[in-house]
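Everything on this sheet refers to the single structure shown next.
Excluded from the calculations below are hydrogen atoms, water molecules and symmetry mates; all remaining heavy atoms, backbone and side chain alike, are included.
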Amino acid sequence: RENMAKSTKQDILDTLLLLLKDKTLNDITVKDLTERCGISRQAFYYHFQDLYAVVDWGLHQELSMLAREKDLESTKTKVVEQMLRNRAVVLNLYRSFERSYVEHYLRKWTLPIVEEKVARQAEHYHVTGEQAKFVAELATTALLSLVLGWLDRGMPGRVLEHLDDLEAISDGGVDSILERLERKNMTGK
């Protein structure tokens, strides 16, 4: 029964993704989805509260798979390539939510990854854990600003090059910031 429920949930998500190729989430109704999916409204509401809950479930499934990836470089490439392959869906979803909501969701997923990377770099410096977290916040904000700006502009061109540039800058930048914080901690200036 659980597999059947998961299958139905996946069918609902797949159908929603098909509909999102042509419309924003705000322009899709539960009726549109259930008719296209071939299920009753009751079956839909058995699994999800509303269409936004379908999106949340789908994102959670996707982010859970990505979180298990060990190679950040290939994960970054996979995410961007998948976004580009599904450009219309990504943009229609993005346009269905407030920018601050998207930023919050991305930050929730991205910040722990950046914090872990910065913490490893911070081990080589005399800085506090709070200072390392602050540096991770700065790096995450820069990354999210780049991604959200790219989405705002309709995903033009290839963003991977900019992400690579940001990573090159931030790697040296993070070390530079940690070094300056260490100097501040040692000298009080």
State the [atom1]-[atom2] distance between [X] and [Y], to the nearest 0.5 angstrom.
X	Y	atom1	atom2	result
Asn86	Leu17	CG	CG	7.5 Å
Leu13	Trp57	CG	CH2	6.0 Å
Lys133	Glu115	NZ	CD	4.5 Å
Arg180	Asp175	CZ	CG	12.0 Å
Trp109	His60	CH2	NE2	13.5 Å
Leu19	Asp27	CG	CG	11.0 Å

Can you give me the closest heavy-atom contact between [X] and [Y], atom names plus distance?
X	Y	answer
Arg95	Asn26	O-ND2, 4.3 Å
Val89	Lys21	CG2-CG, 3.6 Å
Glu137	Leu111	OE2-CD2, 3.3 Å
Ser96	Thr24	OG-CB, 3.4 Å
Val127	Glu182	CG1-N, 3.8 Å
Leu16	Leu33	CB-CD1, 3.6 Å

Under a single-linkage definition using a 4.5 Å side-chain heavy-atom cutoff for Ile, Leu, Val, Met, Phe, Trp and Tyr, are [X] and [Y] assigned to the same hydrophobic cluster?
X	Y	value
Leu84	Leu148	yes
Phe44	Leu18	no
Tyr101	Leu51	yes

Close side-chain approach of [X] to [Y], heavy-atom, < 4.5 Å:
X	Y	value
Asn92	Lys23	no
Pro156	Trp150	yes
Met83	Leu151	yes
Glu98	Glu103	no
His47	Val54	no
Val135	Leu181	yes
Arg107	His104	no
Leu106	Val102	yes

Taking atom types as modelled, is there a side-chain donor on [X] or [Y] under 3.5 Å from an acceptor on the other?
X	Y	answer
Asp152	Tyr94	yes
Thr8	Asp11	no
Asp14	Gln10	yes
Tyr45	Asp50	no

Any donor and acceptor pair, going by atom type alone, linking the side chain of [X] with main-chain N or O of [Y] inside 3.5 Å?
X	Y	answer
Arg36	Asp32	no
Asn185	His126	yes
Gln131	Thr128	yes
Arg87	Gly154	yes

(message) So that I know where these two stand, are Phe97 and Tyr105 an aromatic pair - ring centroids less than 6.0 Å apart?
(response)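 They do not qualify: ring centres at least 6.0 Å apart.
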
